[in-house]
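Input: a single structure, listed below in structure tokens.
Since this is a predicted model, take the numbers as computed values, not measurements.
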Amino acid sequence: MSEAGEFVDYTLQMESTWEKAAEASERLGGSLKVYGASVGAVRGTVRDALKRYKNLNHDDITALSSELWEEPVFERRLAAVVLLQTKVGLLVNTDLTRIEGFIRRAGTRALVDPLAADIVRPLIARLEGLAKERAERVLERWATDPDPELRHAAALARDTATP
């Protein structure tokens with residue numbers, strides 16, 4: 001694991017409580033392991049990591065997000081989402097492949113929704129030309145995919161959310 005990844009994971013574990021872990025595990029339905037760190041702690045940890053590791057470029061950000069996503073732990077995956085939300089301006093249309101994998105393995109709409117609404121939607125909105133066309137084709141494919149979470153994400157990214 002990278003130094004930045006170790007920092008995020010360790011800090012999230014230190015910010016956790018068993019009470020929050022039990023509540024979050026029940027709310028999430030047991031689909032993911034839960035440390036028990038609050039959303040505020042996750043956001044603060046990502047903010048601190050970005051201050052500590054100031055020179056992260058596009059490839060570093062996307063690699064760190066994948067590293068955090070690798071383990072099926074809610075707070076790690078939420079940290080990956082927060083990282084991508086914070087650095088969405090660095091993302092390009094080819095990052096939709098990575099995000100698609102995240103959506104397929106999310107395990108909860110608590111992760112799918114911000115991926116679609118806070119990352120995919122603004123990413124596609126700022127793209128132009130061929131990059132935008134390619135991204136739109138990806139969303140069209142998602143909209144007809146057998147995976148209900150991917151279809152849901154496509155609707156959210158287009159701002160036509162389905163319940």
Between the CD atom in Glu3 and the CE atom in Met1, the distance rounded to the nearest 0.5 Å is 12.5 Å
Hey, is the main chain of Trp69 close enough, under 3.5 Å, to the side chain of Arg77 for a donor-acceptor pair? yes
*Group every Ile, Leu, Val, Met, Phe, Trp and Tyr by side-chain heavy-atom contacts under 4.5 Å, then state whether Leu115 and Leu156 land in the same group.*
no
### Query
Is Arg137 close to Arg141 at the side-chain level, that is, under 4.5 Å between some pair of heavy atoms?
no
Do Arg105 and Glu70 have side chains that get closer than 4.5 Å, going by heavy atoms? no
Review point. Heavy atoms, side chains only, cut-off 4.5 Å: are Asp147 and Trp142 in contact?
Key: no
- Take atom NZ of Lys132 as the centre, draw a 6.0 Å sphere, and report whether it contains more than 12 heavy atoms from other residues, nucleotides or ligands. yes
**Study point:** Verdict with supporting geometry, Asp60 and Tyr53, side-chain contact (heavy atoms from CB on, under 4.5 Å)
**Key:** CA-CA 10 Å; Asp60 299 326; Tyr53 305 97; over 6 Å; no
Tightest non-hydrogen contact, residues Lys87 and Ile61, listed as CG-CD1, 3.8 Å
| said: Treating Thr45 as the side-chain partner and Leu12 as the backbone partner, does any N or O pair qualify as donor plus acceptor under 3.5 Å? | reply: no
Do the non-hydrogen side-chain atoms of Arg134 and Leu130 ever get within less than 4.5 Å of each other?
yes
TODO: Walk me through it: do Arg104 and Glu149 pass the test salt bridge (Lys or Arg N to Asp or Glu O under 4.0 Å)?
DONE: CA-CA 7 Å; Arg104 288 185 185 278; Glu149 296 306 323; over 6 Å; no
Heavy atoms of Leu56 and Leu64 approach each other most closely as CD1-CD2, 4.3 Å
Ala153 and Ala116 have their tightest heavy-atom pair at O-CB, 3.4 Å
Apply side-chain contact (heavy atoms from CB on, under 4.5 Å) to residues Glu6 and Glu67 and explain how you reach the verdict.
CA-CA 10 Å; Glu6 287 179 2; Glu67 189 177 331; 5.7 Å; no
To the nearest 0.5 Å, atom CD of Gln13 lies from atom OG1 of Thr11 at 9.5 Å
From the list Val81, Thr62, Val120, side-chain contact (heavy atoms from CB on, under 4.5 Å) partner of Ile99 resolves to Val120
Any donor and acceptor pair, going by atom type alone, linking the side chain of Arg76 with main-chain N or O of Asp9 inside 3.5 Å?
no
Nearest heavy-atom contact between Val88 and Ile119 is CG2-O, 3.5 Å
**Item:** Step-by-step side-chain contact (heavy atoms from CB on, under 4.5 Å) determination, Leu111 to Leu32
**Value:** CA-CA 11 Å; Leu111 296 169; Leu32 296 168; 3.9 Å; yes
In short, Ala135 meets Leu127 closest at the heavy-atom pair CB-CD1, 3.6 Å
Quick one: does Thr97's side chain get under 4.5 Å of Val138's, heavy atoms only? no
Any non-hydrogen side-chain atom of Phe7 less than 4.5 Å from a side-chain atom of Ser2? no
Output for pair (Phe74 CZ, Ser31 OG), nearest 0.5 Å, gives 9.0 Å
Residue Glu19 excluded, over 12 heavy atoms near CD under 6.0 Å: yes
- Query: Do Arg43 and Thr86 come within less than 4.5 Å of each other through their side chains, counting heavy atoms only?
  - Reply: no
Note: Leu123 and Val92 closest approach over all heavy atoms is CD2-O, 3.8 Å
Rounded to the nearest 0.5 Å, the CG atom of Leu28 sits from the CD atom of Glu23 at a distance of 8.0 Å
Evaluate Lys20 against Glu75 for salt bridge (Lys or Arg N to Asp or Glu O under 4.0 Å), listing each step before the verdict. CA-CA 11 Å; Lys20 284 188 178 113; Glu75 289 86 352; over 6 Å; no
**Asked** Would a hydrophobic clustering, with Ile, Leu, Val, Met, Phe, Trp and Tyr connected at side-chain separations under 4.5 Å, put Val39 with Val46?
**Response** yes
Under 4.5 Å between any side-chain heavy atoms of Val73 and Tyr35, yes or no?
yes
